[in-house]
Amino acid sequence: MELSDLQEIRRAKAEALRDRGIAPYPTRAERTHTTKAALELFTSEEEAGTLHDSHTGETITLAGRIVSFRHMGKTVFAHIRDGFGELQLYIRKDVVGEAAYTDILKLFDLGDFVQATGDLFRTKMGEISLRARSVTMLTKALNAPPEKWHGLQDVELRYRQRYADLLANAETRKVFATRSRIVSAIRHFLDDRGYLEVETPVLQPLYGGAAARPFTTHHNTLDQTFYLRIADELYLKRLLVGGFERVYEISKDFRNEGIDRNHSPEFTMLEFYQAYGDYEQMMEIVEQLISAVVKEVYGGSTFVYQGNEIDVTPPWSRKTLWDAIRERTGIDYTEHPDADDLLAAARKAGADIETGTVWPRIVDELLKQFVRPHLLQPIFLIDYPLELSPLAKRKPDDPTHVERFQPYIGGGEVGNAFTELNDPMDQLQRFIEQQKDREAGDEEAMPIDEDFVNALMYGMPPTGGVGIGIDRLVMLLTDQATLRDVILFPAMRRLPASSTEAGSGDDDQ
RNA sequence: GGGCCUCUAGCUCAACGGCAGAGCAACGGACUCUUAAUCCGCAGGUUCAGGGUUCGAAUCCCUGGGGGCCCA
C-alpha cells in the first residue's frame with residue numbers, strides 16, 4: 001500500500017515523535033473527565049462560587065480528537081472532540097514549556113487523538129476551556145480529516161468509508177445514535193410486557209416466512225446447502241408450539257433482490273409473537289409500540305417526515321384492503337377472480353402491470369401503485385386476500401380473506417402482521433398452493449416446510465404475530481429518504497482490483 | 001435489466017473545445033484570548049480507465065468501471 005504525500009508527511013511526524021522517545025501510539029490513556037463531565041464540573045463550580053481566581057482548582061485530564069487548531073504565535077487554541085462533545089484547549093508556550101509547545105506546533109495535526117491535562121476557565125470570549133499544562137499524543141492520524149466546513153459530501157465515499165462520514169458529519173452520527181435509541185426503546189417496550197428475546201438460526205436448511213429469494217451457501221462438513229434467513233417467522237412460531245407465550249427477535253434478514261432506497265439485501269427485522277393473541281390485539285400493541293418509540297425520540301407523538309407532519313397518537317385508522325383499493329381505483333377485486341380479468345380492469349384504471357402477473361401480485365400492485373402513496377398518516381390496512389398470505393388465518397366470516405394487517409406511515413409499509421395460521425392441514429394445503437406458484441415460475445413463492453407442519457401438528461395456540469422493518473422505521477424517525485442512510489455499512493459493489501486487493505476472483509457464478 | 005445524471009488536488013468545488021484554478025487541509029513564516037482566526041509566502045493533478053474526433057480534449061464521440069436518481 002503506497003502512502004500519499006500527505007500521509008507520508010504525517011507518518012514522518014510519527015517517526016519524529018518516536019525518535020524523541022515519545023510513543024505516537026501509546027498503549028493507554030489517562031482520561032479523568034469526558035468533555036461533558038468537564039463542562040458540568042466547571043458550570044457547577046461557577047454556580048457554587050468555588051472557582052479559584054476563576055479557575056477550577058481540580059486538575060483534570062481530557063482525551064479526544066483534535067478537530068480545530070488555531071495558532072496565534074505563543075498560544076494555540078484547539079478543540080478536541082470525544083464521544084460526548086467538544087471542548088476548547090488553551091495552550092500557552094510559557095505553560096507547557098518550549099519543547100512540548102514546539103512538538104504540538106510541528107508534530108500534531110487535525111485528526112490526531114490527544115490527551116490534555118490542566119484546569120478549566122472561561123476565555124475572554126466566554127468559552128469554557130481547558131488551560132493545558134500538558135498535551136500528549138494518544139494516536140497519530142495519518143489521514144487528514146475531510147474538509148472542516150462542508151464535511152464529507154461524496155455519497156459513494158460516505159457509504160464506502162462510513163468511518164470518515166461519521167467523523168466528518170455530525171448529522172450522520174446523530175442518525176445512528178437515534179437508531180440505537182429506537183432499537184433500545186423497542187426492547188424496553190417488549191421486555192416490559194413479558195416478551196422473551198430469543199435467537200433463531202440465521203443459517204437455515206429451508207427458508208420461509210416471506211416471499212423472497214434467498215442467499216444460498218454451503219456447509220462443508222455437513223456437505224449441505226443452507227440459506228440465509230429471509231424471515232424468522234417459522235422458527236418463532238415453533239417456539240410457541242414449545243410453550244413460550246411471548247417471544248421476539250431483532251435480527252438481520254437477507255433477501256437476494258435489488259437494492260434501492262427502500263431495499264437492502266441485508267436488513268433488520270423485528271418479529272414478535274403472542275399466544276392467545278389475534279390481529280386486533282396486535283394492532284393495539286403496534287400503535288402503542290410505535291407511539292412509545294416516537295415519544296422516546298421526539299418527546300411527543302408527532303414528527304416530520306420529508307416535509308409532512310405525522311401524528312402517531314392511537315388509535316390509528318383502519319381500513320380493509322378491499323375498501324382502500326375500491327376507493328382509489330373503483331376496482332372490486334372480488335368481482336375479478338380471474339387474473340386476466342383483473343389485469344384488464346387494473347390497466348383500465350391506469351395501472352402499469354406486466355402481462356402474466358399472477359392474481360395476488362396484481363392486487364399487490366394495485367395497493368402499491370394507487371393506495372400506498374396516499375397513506376401518510378398512520379393507518380392499518382386490514383383483511384388481505386387469502387392468496388397473498390400463506391401463513392395467516394382465514395377470517396371466520398369470509399374464508400377468501402385472512403386476518404392480516406399492514407401498518408403504513410409516511411407513504412411506506414413498516415410492517416406486516418396476522419392472526420397466525422395454526423391449522424396444520426390448512427397450512428400444508430397453503431404450502432402446496434405456493435408450490436404450484438413456484439412451479440408456475442414465481443421464484444418468491446415459499447417452499448414446503450414439512451417440519452413446520454409437523455410442529456403445528458403438536459398444536460400452536462391461537463397466536464398474533466407482527467413483523468416490523470427496523471430500517472424503514474428508523475428512516476421515518478430520522479427523516480432520511482434512503483435506507484442506505486440508516487445502515488452503517490450498506491452493501492456496495494466491490495471496486496476494481498487495484499484498490500481493494502480483492503481475493504481471487506470470486507465474482508464468477 | 002432500461003433511461004437520465006455524475007466522477008477534476010487529501011476534502012469541498014470551479015473551468016464546459018484554447019495555458020487545469022480557488023477555498024479548506026498541507027508545507028515555510030508573522031502573531032500570547034482565538035471561534036470557518038487573520039496576514040505573507042510556497043507547493044500540490046494519470047481531470048475514473050482505454051480508445052476516437054480535432055491544429056488543440058477535463059470539455060465532443062465510443063467502450064468499459066464506480067456512484068446517484070427514476071423506471072422495470
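Just so you know, these numbers come straight off a predicted model, no measurement behind them. To find a chain, count down the sequence lines: A is the first, B the second, and so on, and within it residues start at 1.
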Has A/Met492 got more than 12 heavy atoms of other residues, nucleotides or ligands less than 6.0 Å from its CE?
yes
A correct dot-bracket answer for RNA chain B, with pairs being Watson-Crick or G-U at under 3.5 Å, [ ] for crossing pairs and | for inter-strand pairs, is (((((((..((((....[..))))..((((.......))))......(((((..]....)))))))))))).
Sugar-phosphate or base contact per nucleotide [nucleotides 66-72 of chain B; S, B, -; heavy atom under 4.0 Å]:
BSSSS-S
Does A/Phe121 reach a base, just sugar-phosphate, or nothing at all? Heavy atoms under 4.0 Å.
base
Salt bridge (Lys or Arg N to Asp or Glu O under 4.0 Å) with A/Arg328: which residues, sequence neighbours excluded?
none
Side-chain donor-acceptor contacts of residues 37-44 of chain A below 3.5 Å, not counting sequence neighbours, with atom names and distances?
unit_1, atom_1, unit_2, atom_2, d
A/Thr43, OG1, A/Leu39, O, 2.6
A/Ser44, OG, A/Glu40, O, 3.2
A/Ser44, OG, A/Leu41, O, 3.0

Between B/U6 and B/G44, how far apart are the C1' atoms? Round to whole Å, please.
25 Å
With A/His401, which residues qualify under ring pair (Phe, Tyr, Trp, His ring centres under 6.0 Å), at least two apart?
A/Tyr333
What's the gap between B/A25 and B/A37 when it is taken at their P atoms, as a whole Å value?
7 Å
Using 0.5 Å steps for rounding, measure from the CD1 atom of A/Ile91 to the CZ atom of A/Arg70.
10.5 Å
Can a donor-acceptor pair under 3.5 Å be found between the side-chain atoms of A/Glu127 and the base atoms of B/U35?
yes
Heavy atoms only, 4.0 Å cut-off, all strands: where does A/Gln88 land among base, sugar-phosphate and nothing?
base
Looking across every strand, which nucleic acid part, if any, lies under 4.0 Å from A/Leu152 by heavy atom: base, sugar-phosphate, or nothing?
sugar-phosphate
Write down the protein N/O and nucleotide N/O pairs, taken from nucleotides 36-41 of chain B, whose separation is under 3.5 Å; answer none if there are no such pairs.
unit_1, atom_1, unit_2, atom_2, d
B/A36, O3', A/Lys148, NZ, 3.1
B/A37, OP1, A/Lys148, NZ, 2.4
B/A37, OP2, A/Arg70, NH1, 3.3
B/A37, N6, A/His71, O, 2.9

Which part of the nucleic acid, if any, lies within reach of A/Thr123 when heavy atoms closer than 4.0 Å are counted: base, sugar-phosphate only, or nothing?
base
